[in-house]
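Quick caveat, the model's predicted, so the values are computed rather than measured.
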Amino acid sequence: DVALFCVVIDKTAQPASADPHGDMKTIRYDRAFEEVYATFNSYLTRHHQQRVDPARNLGGMRGAKGLFLMDRSAMEPSVKAQATVYRRLGTQYGAAFNIVETPVFMASEDCRLLQLVDFAANGFLRHFRAPPKQDSQFFDQVLRAKIDCENGELHGLLHITPNYCRCPGRHYKHLTRPRIPPTTTP
């Protein structure tokens, strides 16, 4: 069984509050990775709960286990550092203990699974392009049915855009969530 997870970030999306220390490419990449990491962890938890008999759950494991296999990139050190933090401390959404290792990086030409991911990413790209370059045929006919979904809600698709969007996934307007200052009581 295949489940797809995708984060689409509009290049015009900005952080909710100014971050003078980060460049936008890194901020976008970090946010996309955290969202996919948390969504995949959630999928593993749901997948485990739906398919495993609790009486046979040996060793107190709290969910199915998963591994990230990623294409080599210049972001590899940053991704490994983020994954280490998420495994130990969790993401902004909570604990993420179902992903067993820091991501494994390979050249896509050496791995058919990564070639499949590249193929799917191209379909997502074509679907989310602005008209007239938009082409949703592959997305509608193949990809949409494989996006992680439960009870009609697409968990595996997040679109971060400051503009109104009618795509079927979750939406955020900003790259980062605004930090809420702690309240003080007199």
Side-chain angles (χ1 to χ4, degrees), residues 2-43 68-86 90-93 96 99 102-103 105-109 111 113-149 153-180:
V2 173
L4 295 177
F5 306 91
C6 179
V7 176
V8 178
I9 300 178
D10 187 319
K11 286 185 177 183
T12 63
Q14 298 293 318
S17 59
D19 181 2
H21 304 293
D23 70 286
M24 291 308 298
K25 180 180 178 183
T26 302
I27 291 170
R28 285 192 290 267
Y29 199 94
D30 290 351
R31 174 65 191 275
F33 180 68
E34 182 177 16
E35 290 292 341
V36 171
Y37 195 95
T39 303
F40 182 47
N41 184 72
S42 175
Y43 166 81
F68 270 88
L69 183 62
M70 297 180 72
D71 201 354
R72 292 201 183 278
S73 80
M75 300 302 286
E76 186 173 334
S78 173
V79 167
K80 283 183 176 182
Q82 276 185 275
T84 300
V85 169
Y86 299 155
T91 67
Q92 66 178 327
Y93 301 105
I99 299 168
T102 56
F105 289 86
M106 298 180 72
S108 61
E109 60 267 9
C111 180
L113 285 175
L114 285 176
Q115 292 173 10
L116 180 62
V117 169
D118 285 344
F119 189 64
N122 184 268
F124 281 109
L125 172 68
R126 290 189 341 233
H127 174 73
F128 283 96
R129 277 187 180 151
K133 292 184 177 184
Q134 185 179 39
D135 176 9
S136 296
Q137 183 177 359
F138 183 65
F139 177 87
D140 293 336
Q141 292 178 354
V142 178
L143 297 179
R144 185 176 175 144
K146 295 296 183 183
I147 297 170
D148 175 35
C149 179
E153 182 179 347
L154 288 175
H155 297 285
L157 178 60
L158 171 63
H159 190 191
I160 300 174
T161 178
N163 307 314
Y164 173 74
C165 177
R166 294 186 298 158
C167 72
R170 299 174 293 140
H171 300 95
Y172 295 135
K173 287 185 173 267
H174 301 286
L175 277 172
T176 56
R177 294 174 181 217
R179 301 220 182 253
I180 301 170

Open item on the list: Distance alone, cut at 3.5 Å: any donor-acceptor contact between the side chains of Tyr93 and Glu34?
Closed with: no
Open item on the list: Working to the nearest 0.5 angstrom, can you tell me the gap between Glu153 CD and Ile147 CD1?
Closed with: 12.5 Å
Task: Gln137, CD: over 12 other non-hydrogen atoms inside 6.0 angstrom - done: no
TODO: Taking the side chain as every heavy atom from C-beta outward, state whether Met75 and Thr26 have any atom pair closer than 4.5 Å.
DONE: yes
Open item on the list: Show the nearest heavy-atom pair for residues Arg72 and Ala107, with the distance to one decimal.
Closed with: CG-N, 4.0 Å
Open item on the list: Any non-hydrogen side-chain atom of His127 less than 4.5 Å from a side-chain atom of Leu143?
Closed with: no
Task: Donor-acceptor contact present, side-chain Ser42 to main-chain Ala38, <3.5 Å - done: no
- [ ] Look up atom OH in Tyr43 and atom CG in Leu4, then write down how far apart they are to the nearest 0.5 Å.
- [x] 10.0 Å
Task: Considering all heavy atoms, the nearest Leu114-Met106 contact - done: CD1-O, 3.6 Å
Task: Residues which pass side chain to side chain contact (heavy atoms under 4.5 Å, CB included) with Val117, listed by chain and number, not counting sequence neighbours - done: none
Open item on the list: With a 4.5 Å cut-off on side-chain heavy atoms, are Ser78 and Asp30 touching?
Closed with: yes
Open item on the list: If I take atom SG from residue Cys149 and atom CG from residue Leu154, how far apart are they, to the nearest 0.5 angstrom?
Closed with: 5.0 Å
- [ ] Quick one: closest heavy-atom pair of Met70 and Pro103, and the distance?
- [x] SD-CB, 3.6 Å
TODO: Starting at SG of Cys6, measure out to CG of Asp148 and round the result to the nearest 0.5 Å.
DONE: 12.5 Å
TODO: Please list, chain by chain and in numerical order, all residues satisfying side chain to side chain contact (heavy atoms under 4.5 Å, CB included) with Phe119, sequence neighbours excluded.
DONE: Phe138
- [ ] Please round to the nearest 0.5 Å and tell me the distance separating atom CG of Leu125 and atom NZ of Lys133.
- [x] 10.0 Å
Task: Validation row, ring centre Phe68 to ring centre Tyr86 under 6.0 Å - done: no
Open item on the list: Taking the side chain as everything from C-beta on, heavy atoms only, tell me whether Glu35 gets closer than 4.5 Å to Gln92.
Closed with: yes
Open item on the list: For Phe139 and Phe124, take the angle between the two ring planes, folded into 0 to 90°, and tell me which bin it lands in: parallel under 30, tilted 30 to 60, perpendicular over 60.
Closed with: perpendicular
TODO: Rounded to the nearest 0.5 Å, what's the gap from OG1 on Thr39 to CG on Leu157? Could you check?
DONE: 10.0 Å
Task: Minimum side-chain heavy-atom gap Asp118-Asp71 below 4.5 Å - done: yes
Open item on the list: Taking side chain to side chain donor-acceptor pair (under 3.5 Å) as the definition, give me every residue that meets it alongside Tyr29, ordered by chain and number, with sequence neighbours left out.
Closed with: none
